[in-house]
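The next block holds one structure in the form of C-alpha cells; read it before the comments.
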Amino acid sequence: MSDHKMQERKYRRSMSFKSLTRLLAYLFTYKWQMALITIGVVVSTATQIMGVNMLRPIIDNYILKGDRSGLKFAVIQMALVYTVSAVTSVIYSRMMVRVGEKSIRNIRNELFEKVQSLPVNFFDSNQHGEIMSRFTNDTDVLSQTLANTIPTIIRSILTFVGTILVMFSLDFNLTLMLVIGLLVMIPILSKIIMKTGKFFGMAQANVSKLHGFDEEILSGQKVVKVFTREDEVSQEFYEKSQTLRKSLARAIINAGKIMPFLINSVNILYALITVLGVYLTINGSISVGVLAAFLSNIRQIQNPVQNVAQQANVIFQALAGADRIFEVMDMQAEEDEGIIDLTSVVVKKDGEIKPCPDMSGRYAWVWNDGKDPHYKLLEGRIEFKNVDFSYDGKNKILKDISFYADPGEKIAFVGSTGAGKTTITNVITRFYDIDNGSIEIDGIDIRDIKKDALRRAFGMVLQDVNLFTDTIAGNIKYGKLSATKEEVKSAARLSGANSFIKRLPEAYETEIHGDGSSLSDGQNQLISISRAAIAEPPMLILDEATSSIDTTTEIEVTEAMDNLMTGSTSIVIAHRLSTIQNSDVIMVMEDGRIIERGVHEKLMEDKGTYWQLYTGQLELD
C-alpha cells in the first residue's frame, strides 16, 4: 500500500473518531438530561442482566427441588425486574429523542452561522445543492443516530460487558473459552468495519454531488427547455444516480457481511460451549441451573452484537455525514483585519461630528482605538493604485489598474465580457482581496476598513437579481429592516417600481417567489433597485443593473439613481452605451487593462475603441 493511501486511511479514521467525540460533546451540552439518560440505560441494562441470571436459582433451588411457593415468589420477582427494565428503557428513549433533536438543531444553527461567515469564493467554488446536502441529508442521518442508534449501542456495550462479568462468576473455564473465541473474531470484524466506513464516506459524497446537480438543473430549467436538453440532462442524472446506487450498494453489501459473520461465529461458539457444558454437567462439575443460565447469557450476548451490526449502516452514514458537516465548520472564516467602522452621523453648525442612531443621510468613518472615537466624513473619493488581481493566483484579471473617482462622480466601465469590469466591483467591496497595489476610499486603504462597514458604504444592484420568497414590501425592506411603509413607497417611487406595484391585487403586500417567477425580469430588477435605494447608500455600484429593463424605463431609473447619489460616487457597468453618456468619466477596459478614459465627447473625438462601440463598428462580446 502506498504512503498516500495509508495517510488517507489514517486521516479518515481520525476524522471519524474526532467527529464522534464532537457529536457526543453536543449531546452532553444537556448535562442533567444526559445524566438521567445514563442512569436509565444503566438501570435498564442491569435489570435485564439480573432477570436472565435469576434463571439459575429458579432451576436449582425451586424447580429441581419442587418448591412451588418459592417458585411462584421467584417468578414474581423476575417479572418485576423485567418491568423495571422496560419502564426505564421507555423513559430514557423518549428523553434521548428530545436531546438528540435539540443537538441537531444546535448543529444546524452553528453550520448556518459558519456558512454565513465564509468568504465568497467558497460559494463560487461549491455547488449550492452540494452545500444544501450538508443541511439536509447529512443532518437527517445524524438525527436518527443521535436519537436512536447511540443509546442502543451504549446499552449493547453495557449488556455485553455486564454479561461477560456475570458469566465469569458462573464458570471461569467456559467464559474463558467464549472470550478467546470472540477475540479471534476481532481482526476479521475490524477489517470489514474499516472498509464499510470508507464506502459509506464515498456514498455520502455521491449523494452530495447528485443534490448539487439537481439544484443546478432545477434552477436552470428555462435554459434546459430552450435548448431542448431534457434527454441529455435525464441521461446525466441517470448516470450520477447509478454512481450513487453502486457506491451505496457497495457500502450496504459490505456492511451486510457484519451480521452473518457475527451470528454464525456466535452460533459456532454456542454449539461448542453447549457440548462442553453438557459434559461438565454430566460429570457434576456444574449444576443444571448454571448451564441453563450460562447458555442464556450467551444468547444475551448475541443480542447486543446483533444490535450493533444492524445499526452499522446508520453509524457509518452518520460518521461520514458528520465528517462533511464538521469539515465546513472547521473551514477558515472570512478574515477581517479592518479596524475602521462606518456610522451614521450628524454634523453640527460648529463642524463637530456626532454619531446618530438613525439614518441621517450622512456617514463617517470612525476609529475606535479605546479612547475617544475619531471621525472622518465619508466623501466618496475612490482611488485604485496599480492594482493587480487574479482569482486563481495565476491568470491575472486586473493588470496594473489605476484610476480615481472624486466625490459625487459617476464612473462608467465598458468593455467586452472578461475584460475585468465586474471584478472591479468584487475587489472594491473586498469579496476578493487584490494581489498587488492598493484601493483607497477617502484616502483610507480599504484593508484597514472593516468588511461589513465597507460593504454598508455601497449600495449594489447586480445583473442577477436575488429576491426572497416574501412580500414585495418585505423584499424592499431588506435594505432597511426598520423602514416604514412610506419609506418603502418612497424608495419604490424613486426606482420607478411604484407604478406597477400599485396595480397588483395586493400592492406592496403581494407575495412573490424567490426564483423570480412571480414578476417579469424588469419588475424584479426594479424591486432590487428599490431595495438598494431604501438603504440610502453613500456610494452605489450598478453592475449591468438595467440590462433587464426597457430603454425608456432605464433612462428614468438612471435619472432617479443620479438624484439619489448626488454628492456621492457611483460606479456603473453597462453594455448600453446610451445610458452612460452623462458619466463624468467613461473607462474602456480590455484584457484587464484600462485602454481609454474620458468623457463621452472626448472619446468620440478620439475615434478609438469607444467610438467604434458607440457607432456599431465594434460589438461587445
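These values consider heavy atoms only, across backbone and side chains, with no hydrogens, waters or symmetry-generated copies.
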Exercise. Please name the pair of heavy atoms, one in Leu118 and one in Gln332, separated by the smallest distance, quoted to 0.1 Å.
Key: CD2-O, 3.6 Å
Practice problem: Not counting sequence neighbours, which residues clear side-chain hydrogen bond (donor to acceptor under 3.5 Å, both in side chains) with Glu239? List them please. | Solution: Gln235
Quiz item: What closest approach, in Å, do Ser530 and Ala492 show between heavy atoms, and which atom pair accounts for it?
Solution: OG-CA, 3.6 Å
Practice problem: Quick one: list whatever passes ring pair (Phe, Tyr, Trp, His ring centres under 6.0 Å) with Phe500, sequence neighbours left out. | Solution: none
Self-check item: Residue pair Arg597 / Lys602: nearest heavy atoms and the distance that separates them
Solution: O-NZ, 4.2 Å
Quiz item: Would the number of heavy atoms belonging to other residues, nucleotides or ligands and lying under 6.0 Å from NZ of Lys114 be above 12?
Solution: yes
Quiz prompt | Distance, nearest 0.5 Å, that separates OG1 of Thr484 from NZ of Lys489 | solution = 10.0 Å
Quiz item: So, do Lys477 and Thr471 sit near enough that their side-chain heavy atoms are less than 4.5 Å apart?
Solution: no
Practice problem: Measure the spacing between CZ of Arg531 and CD1 of Ile476 and express it to the nearest 0.5 Å. | Solution: 9.5 Å
Quiz item: Sequence neighbours excluded, which residues qualify as side-chain contact (heavy atoms from CB on, under 4.5 Å) partners of Asn436?
Solution: Asp388
Exercise. For Lys385, check salt bridge (charged side-chain N to carboxylate O under 4.0 Å, His left out) against everything at least two apart and list the hits.
Key: Glu440
Quiz prompt | For Lys450 against Gly338, the heavy-atom pair lying closest together | solution = CG-O, 3.6 Å
Quiz item: Taking the side chain from Asp435 and the backbone from Ser390, do they hold a donor-acceptor pair closer than 3.5 Å?
Solution: yes
Quiz item: Sequence neighbours excluded, which residues qualify as salt bridge (charged side-chain N to carboxylate O under 4.0 Å, His left out) partners of Arg456?
Solution: Asp341, Asp452
Practice problem: Please identify each residue that fulfils side-chain contact (heavy atoms from CB on, under 4.5 Å) with Phe431, with sequence neighbours left out. | Solution: Val120, Asn426, Thr429, Arg455, Met460
Quiz item: Which residues satisfy the side-chain contact (heavy atoms from CB on, under 4.5 Å) test with Thr343, sequence neighbours excluded?
Solution: Val345, Pro355, Val366, Tyr375
Quiz item: Would you say the side-chain atoms of Asp584 pair up with the backbone N or O of Ile411, donor to acceptor, closer than 3.5 Å?
Solution: no
Self-check item: Listed partners of Lys451 passing salt bridge (charged side-chain N to carboxylate O under 4.0 Å, His left out), at least two apart
Solution: Glu334
Self-check item: Audit row: Ile340, Lys376, side-chain contact (heavy atoms from CB on, under 4.5 Å) steps and yes/no
Solution: CA-CA 10 Å; Ile340 301 172; Lys376 180 179 182 180; over 6 Å; no
Practice problem: For Thr423 and Tyr432, run side-chain contact (heavy atoms from CB on, under 4.5 Å): C-alpha distance rounded to whole Å, both residues' side-chain angles, the deciding distance at 0.1 Å, then the answer. | Solution: CA-CA 9 Å; Thr423 302; Tyr432 293 88; over 6 Å; no
Self-check item: By side-chain contact (heavy atoms from CB on, under 4.5 Å) - contacts of Asp591 (at least two apart)
Solution: Lys399
Quiz item: OH of Tyr404: more than 12 outside heavy atoms within 6.0 angstrom?
Solution: no
Exercise. Only counting residues at least two apart or in another chain, list the ones meeting ring pair (Phe, Tyr, Trp, His ring centres under 6.0 Å) with Phe403.
Key: Phe384, Phe413
Quiz item: Looking at CD1 of Ile325 and CG of Leu111, how far apart are the two atoms once the value is rounded to the nearest 0.5 Å?
Solution: 6.0 Å
Quiz prompt | Residue list, side-chain hydrogen bond (donor to acceptor under 3.5 Å, both in side chains) with Asp442, at least two apart or on another chain | solution = Trp365
Exercise. Would you give the length of the straight line joining atom OG of Ser499 to atom CG of Leu526, rounded to the nearest 0.5 angstrom?
Key: 7.5 Å
Quiz item: Between Asp445 and Ser438, what is the shortest heavy-atom contact and its length?
Solution: OD2-CB, 3.8 Å
Quiz item: Given the rule in the side-chain contact (heavy atoms from CB on, under 4.5 Å) test, do Ile472 and Val488 qualify, once you have shown the distances and angles that lead to the verdict?
Solution: CA-CA 10 Å; Ile472 290 178; Val488 170; over 6 Å; no
Quiz prompt | Side-chain (Lys485) to main-chain (Ala473) donor-acceptor, under 3.5 angstrom | solution = no
Self-check item: Verdict with supporting geometry, Arg430 and Arg447, side-chain contact (heavy atoms from CB on, under 4.5 Å)
Solution: CA-CA 8 Å; Arg430 291 196 68 192; Arg447 284 170 289 201; 4.1 Å; yes
Exercise. Answer yes or no: is there a side-chain heavy-atom contact under 4.5 Å between Ile424 and Leu398?
Key: yes
Quiz item: Is it true that a side-chain atom of Thr569 and a backbone atom of Gly380 form a donor plus acceptor pair closer than 3.5 Å?
Solution: yes
Self-check item: Point-to-point distance, once rounded to the nearest 0.5 Å, from CD1 of Ile594 to CD of Glu596
Solution: 11.5 Å
Exercise. Ignoring hydrogens and angles, state whether a donor on the side chain of Tyr508 or Asn475 is under 3.5 Å from an acceptor on the partner side chain.
Key: no
Quiz item: Sequence neighbours excluded, which residues qualify as salt bridge (charged side-chain N to carboxylate O under 4.0 Å, His left out) partners of Lys607?
Solution: none
Practice problem: Would you indicate whether Phe458, at its atom CZ, is surrounded by more than 12 heavy atoms from other residues, nucleotides or ligands within a distance under 6.0 Å? | Solution: yes
Quiz item: Roughly how far apart are Glu601 CD and Ile586 CD1, rounded to 0.5 Å?
Solution: 8.0 Å
